[in-house]
Trainee: 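A single structure is presented below for examination.
Atom set for the values below is all heavy atoms of this structure, side chains included, hydrogens, waters and symmetry mates excluded.
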Number of protein chains: 2
Amino acid sequence: MSDSTELFAPHNHSLCINTALTTASQLCAERGVQLTAIRQQVLELIWADHHAVKAYDLLERIKPLQSAAKPATIYRALDFLREQGFIHRVESLNAFVGCNDLKSAHEQLLLICKRCENVEERHADSVMQALAQELALAGFTAHHQAIEIHGICATCTQSNNTPSLN
Amino acid sequence: MSDSTELFAPHNHSLCINTALTTASQLCAERGVQLTAIRQQVLELIWADHHAVKAYDLLERIKPLQSAAKPATIYRALDFLREQGFIHRVESLNAFVGCNDLKSAHEQLLLICKRCENVEERHADSVMQALAQELALAGFTAHHQAIEIHGICATCTQSNNTPSLN
DNA sequence: GTTGATTTGTTACAATATAACATCTCAATT
DNA sequence: AATTGAGATGTTATATTGTAACAAATCAAC
Ligand SMILES: [Zn+2]
Ligand SMILES: [Zn+2]
Ligand SMILES: [Zn+2]
Ligand SMILES: [Zn+2]
């Protein structure tokens, strides 16, 4: 039903959400850190779909649940979720997206569709290997990478009338 | 004097500046667009060194020359310089850096040193080829890429006492 | 129950960026 | 020379994104 070229074709998105939340919960327990209500709610809101979400949008969406929420509320939760590797920041959008591989540390390639706004995370080993060689050649020691590609995804290219919704 | 592994080792930086300004001027003439005083001054300020410069820093620095300068003054100049391909935006820093290859359209890999803050632009063909393959595999049509690596550059690794200044 | 670390509340503000409309400049046309 | 129109700049206001600082609350361990 879903091969690597159509990650965002119709799929059982509750599975995405459940996996993300369950795994995050397990990892927090293992690590002795707290997945508090606020943090979990923010993570859930981020996983509402596969879009990148902006901090102030999260703030609006969490207010029904946390009436005292202020910008710091959101940014603290985002900081925590990033430190734990549960989400990625999309630098070129000032926005945040759920990580789809919580089990392994990784650098990621983000494919950002301008049409449906879905963000697909790929590990793209061949790219990362070429990059590692290039960095070695340059004598550069990498600490953090942001590789973000904006364009049109496969699903939108195929059906260029109705944007996919998940 | 300067091979590809030490672009920012001591070098004749006036040459960098002169090349950037002269070439930009030529290209503007060819393209029938105006490299106005403000635009040229912003480009010069960006090329003061190899750091990424923030818009509001540019605003402060241009005020002695353009006392009426406001945020829009800078952002308009930056928009123009980006459209013409004279500068790149560093998404992960909200900052701007001069392009070091005005003659050819290109995607670029930016190596951002946390220590000396220099930004080295590399074209990294092998990375771009691997990336093109990965995008083809994903059925993704790229319109714009941001590939930004944060870490420690070769020069700073070698002499880890005094940050290089250019 | 006390303690100490973590989390959250709260206020204020900093930093980054854009919208909207008025004015200016300057070259082409009349 | 006056008119005009496009591009550039001036100007004001505001939107968006993100942090600092300190107080209060929570919670787990002792
Ligand atoms: Zn991830
Ligand atoms: Zn799409
Ligand atoms: Zn230089
Ligand atoms: Zn360039």
Trainee: Identify the heavy atoms of A:A20 and A:W47 that sit nearest to each other, and give their distance.
Mentor: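 Shortest heavy-atom contact: CB-NE1, 3.3 Å.
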Trainee: Are there over 12 heavy-atom neighbours, none belonging to A:Q26, within less than 6.0 Å of that residue's CD?
Mentor: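 Enclosed: over 12 neighbouring heavy atoms sit under 6.0 Å from CD of A:Q26.
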Trainee: Could you tell me how the ring of B:H50 sits relative to the ring of B:H13: parallel (under 30°), tilted (30 to 60°) or perpendicular (over 60°)?
Mentor: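 Perpendicular: the ring planes of B:H50 and B:H13 meet at over 60°.
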Trainee: Closest-nucleotide mapping onto DNA chain C: is A:A69 or B:F96 further toward the 5' terminus? I mean the 5' end.
Mentor: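 Upstream on the strand: A:A69.
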Trainee: Kindly give the atom pairs (protein nitrogen or oxygen, nucleotide nitrogen or oxygen) under 3.5 Å for nucleotides 18-26 of chain C.
Mentor:
unit_1, atom_1, unit_2, atom_2, d
C:dA20, N6, B:R76, NH2, 3.3

Trainee: Mind calculating the distance between CG (A:L78) and P (D:dT19) to the nearest angstrom?
Mentor: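 About 10 Å, once rounded to whole Å.
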Trainee: Please report the shortest heavy-atom distance between A:G139 and B:T157, naming the atom on each side.
Mentor: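 Nearest pair, atom of A:G139 first, then B:T157: O-OG1, 4.2 Å.
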Trainee: So does A:C116 get a backbone contact from the side chain of A:H51, meaning a donor-acceptor N/O pair under 3.5 Å?
Mentor: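 Checking the backbone N and O of A:C116 against the side chain of A:H51, a donor-acceptor pair under 3.5 Å is found.
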Trainee: Using side-chain contact (heavy atoms from CB on, under 4.5 Å), reason through B:E121 and B:L109 one step at a time and then give a plain yes or no.
Mentor: CA-CA 6 Å; B:E121 174 177 352; B:L109 168 62; over 6 Å; no
Trainee: Could you state the atom-to-atom distance from NZ of A:K70 to C1' of D:dT17 in whole Å?
Mentor: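 In whole Å, D:dT17 C1' lies 17 Å from A:K70 NZ.
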Trainee: In whole Å, what is the span from the CD1 atom of B:I74 to the C1' atom of D:dG10?
Mentor: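 After rounding, the gap between these two atoms is 14 Å.
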Trainee: Among all residues two or more places apart in sequence or in another chain, which pass the side chain to side chain donor-acceptor pair (under 3.5 Å) test with B:D101?
Mentor: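 Applying side chain to side chain donor-acceptor pair (under 3.5 Å) to B:D101 gives B:S104.
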Trainee: Which of residues 57-65 of chain B sit near DNA chain D, with a heavy atom under 4.0 Å from it?
Mentor: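 Hits under 4.0 Å, by residue number: none.
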Trainee: Rounded to whole angstrom units, what separation is found between the CG atom of B:N94 and the C1' atom of D:dT19?
Mentor: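 So the CG-C1' distance, B:N94 to D:dT19, works out to 14 Å.
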Trainee: Tell me which pairs pass ring pair (Phe, Tyr, Trp, His ring centres under 6.0 Å) where either residue lies in residues 52-104 of chain B, with sequence neighbours left out.
Mentor: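 For residues 52-104 of chain B, and leaving out neighbouring residues, the ring pair (Phe, Tyr, Trp, His ring centres under 6.0 Å) pairs sorted by first residue read B:H88-B:H106.
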Trainee: Please list, in numerical order, the residues of residues 28-46 of chain A that have a heavy atom closer than 4.0 Å to any atom of DNA chain C.
Mentor: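 Per residue number, the list reads A:Q34, A:T36, A:I38, A:R39.
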Trainee: Can B:E120 and B:R122 be said to form a salt bridge (Lys or Arg N to Asp or Glu O under 4.0 Å), step by step?
Mentor: CA-CA 6 Å; B:E120 178 180 352; B:R122 297 176 74 94; 2.9 Å; yes
Trainee: CZ of A:F80 versus C1' of C:dT8: gap in Å, rounded?
Mentor: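 So the two atoms are 14 Å apart, to the nearest Å.
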Trainee: For a quick test of reading the model, state the closest non-hydrogen atom pair linking A:A69 to A:K63 and the distance between them.
Mentor: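 For A:A69 versus A:K63, the nearest heavy atoms are O-CE, 3.8 Å.
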Trainee: Taking salt bridge (charged side-chain N to carboxylate O under 4.0 Å, His left out) as the definition, give me every residue that meets it alongside B:E91, ordered by chain and number, with sequence neighbours left out.
Mentor: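 Once residues adjacent in sequence are excluded, the partners of B:E91 under the salt bridge (charged side-chain N to carboxylate O under 4.0 Å, His left out) criterion are B:R89.
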Trainee: Check the phosphate of C:dA15 against B:K54, side-chain N and O only, distance under 4.0 Å to OP1 or OP2. Yes or no?
Mentor: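 For B:K54, the contact criterion (side-chain N or O under 4.0 Å from OP1 or OP2 of C:dA15) is not met.
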